There are 2 protein chains.
Amino acid sequence: MEHPQSKADEILRCARSLIIKGGYNSFSYADISNVVGIRNASIHHHFPSKSDLVRKLVAQYREEAAAGIAELERNVSDPFEQLRAYVGYWEGCIADATHPFCVCALLASEIPVLPEAVVLEVRAHFRGLSDWLASVLERGAAQGRLTLTGTARAEAEMFMATVHGAMLSARAYGDARTFGAITRPLLDRIAA
Amino acid sequence: MEHPQSKADEILRCARSLIIKGGYNSFSYADISNVVGIRNASIHHHFPSKSDLVRKLVAQYREEAAAGIAELERNVSDPFEQLRAYVGYWEGCIADATHPFCVCALLASEIPVLPEAVVLEVRAHFRGLSDWLASVLERGAAQGRLTLTGTARAEAEMFMATVHGAMLSARAYGDARTFGAITRPLLDRIAA
DNA sequence: GGTTACCTACCAACTAGTAGGAAGGGTGTC
DNA sequence: GACACCCTTCCTACTAGTTGGTAGGTAACC
């Protein structure tokens, strides 16, 4: 706890990167111990089971996402610019290949084989993101800044799905620019 | 080969269902042998390695997808109705939970940890699907039946991404209706 | 007699997870 | 200040089960 970057946190960070590569079943404790300077068994001291590790990893990810959104709300007032900043954040992540996929989007695709505790966290992320997007769209529509075709909720779900699908296509094509090519028209379309 | 449903085909079908559940690393040869009445080692007779198995599985999936599209082209003339039929096909698959996810969409999310041969097949599926969607959109626009905001290609990529994202959201929420809730506005939007 | 399809028996490597101990720091008590 | 005690962190050593894959044999069919 006293370290600026505790071992437990290093493990979480490492596991996150590994999950982003290929999901829950694509990494092992051995993979983590190879990167973080720690023995396989020592990981169990911090996280008794793999399910624990990933649940806490997603919980931490959700906290960071919430913090990022809060900062966006503080620094950017215009709803359209908020959406553009959100999309731009991911465009950057994909372009520099640091975290080229949303942890929860990746885990969501594997839900049938995931521990229940992890599923609940992933689902909560989807709801949280959708809620925020809906609130932004609603505000934008009220200000006459955005044009919605359906309800804010429906538009938010579609927006989120398209962003996730764009991540997938970028990965499938092996071309980071795909993400922007899909999301730019998405933004243009809702701009008033 | 002589059997109406050969053992090799049974293995491919079974592996496909297992992949749809949670991807490449979520199933083993043991899982297959438990379902298909065959010994673990015998699977290697038909498919020397797991990479071979999954590559052929995706190739078969692509053939079936191409056949489905060809049938659609034969039976449905109106571009908008073609798109609606395509989306409706997936809505049915998700509702009855038989194949509630596109094999290639799932594998695409795991690309960094997939054998190269599988990646090429997955990428080819994305290109093929995008090509078809673009051709339908182009035709629809030329007939004045559909309204495109960007190029047919860009619109096709966005359409595909949204459909994939809708599968993901349906899985994340654990609610099949989510898919329709996202794709219906998607179709409405491009209808002239 | 060769090919195909399947079998038993095996393997080394890896999986998540456990048992038990050593080193270190913090704290309460005398 | 010294000592005992405990808690945290990490270690070595181990385990049972699973992983994809191999070797070699058998039986049926063309």
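Residue numbering restarts at 1 for every chain, and letters A, B, ... go by the order of the sequence lines. Fair warning: this is a prediction, and the values are worked out from it, not measured in the lab.
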Give the rounded distance in Å between these two atoms: [atom1] of [X] and [atom2] of [N].
X     : N      : atom1 : atom2 : answer
A/H44 : D/dT15 : NE2   : P     : 16 Å
B/H45 : D/dT22 : NE2   : C1'   : 15 Å
B/I32 : D/dG20 : CD1   : P     : 8 Å
B/D31 : D/dG20 : CG    : P     : 8 Å
B/L18 : D/dT19 : CG    : C1'   : 15 Å
B/H46 : D/dG20 : NE2   : P     : 17 Å
A/N40 : D/dT9  : CG    : C1'   : 16 Å
B/K50 : D/dT18 : NZ    : C1'   : 12 Å

| request: State plainly whether the residues A/R127 and A/D131 are in salt-bridge range, i.e. N to O under 4.0 Å. | output: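 The answer is no: the pair does not qualify as a salt bridge.
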| Hey, are B/R16 and B/E64 close enough for a salt bridge, meaning a charged N less than 4.0 Å from a carboxylate O? |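 Yes, charged N to carboxylate O under 4.0 Å.
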| task | Determine: side-chain N/O of B/Y29 to OP1/OP2 of D/dT19, distance under 4.0 Å, yes or no. | result |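 So the side-chain polar atoms of B/Y29 never come under 4.0 Å of the phosphate oxygens OP1 or OP2 of D/dT19.
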| Between A/S28 and C/dC14, is there a side-chain N or O to OP1/OP2 distance below 4.0 Å? |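 For C/dC14, neither OP1 nor OP2 has a side-chain N or O of A/S28 closer than 4.0 Å.
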Among the candidates [options], find the nucleotide nearest to the side-chain atoms of [X].
X     : options                : answer
B/S49 : C/dG17, D/dG21, C/dT8  : D/dG21
A/K7  : D/dA23, D/dC10, C/dA5  : D/dC10
A/I38 : D/dG21, D/dC11, D/dT19 : D/dC11

| message | Need one value for A/F47: base, sugar-phosphate or nothing, where a base atom within 4.0 Å counts as base even if backbone is also close, heavy atoms only. | response |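 Answer is nothing: A/F47 stays at 4.0 Å or more from every strand.
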| query | Restricting to pairs with a member in residues 67-76 of chain B, which pass salt bridge (charged side-chain N to carboxylate O under 4.0 Å, His left out), not counting sequence neighbours? | reply |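 Of all non-adjacent pairs touching residues 67-76 of chain B, those that pass salt bridge (charged side-chain N to carboxylate O under 4.0 Å, His left out) are B/E73-B/R139.
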| query | Is it true that atom CZ of B/R84 has more than 12 heavy atoms of other residues, nucleotides or ligands lying nearer than 6.0 Å? | reply |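 It does not: B/R84 CZ has 12 such atoms or fewer within range.
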| request: Could you tell me whether the side chain of A/S33 and the main chain of A/Y29 form a donor-acceptor pair under 3.5 Å? | output: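 It does hold such a pair.
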| said: Assuming nearest nucleotide by heavy-atom distance, tell me which of A/A30 and A/S42 is located more 5' along DNA chain C. | reply: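 The residue closer to the strand's 5' end, by nearest nucleotide, is A/A30.
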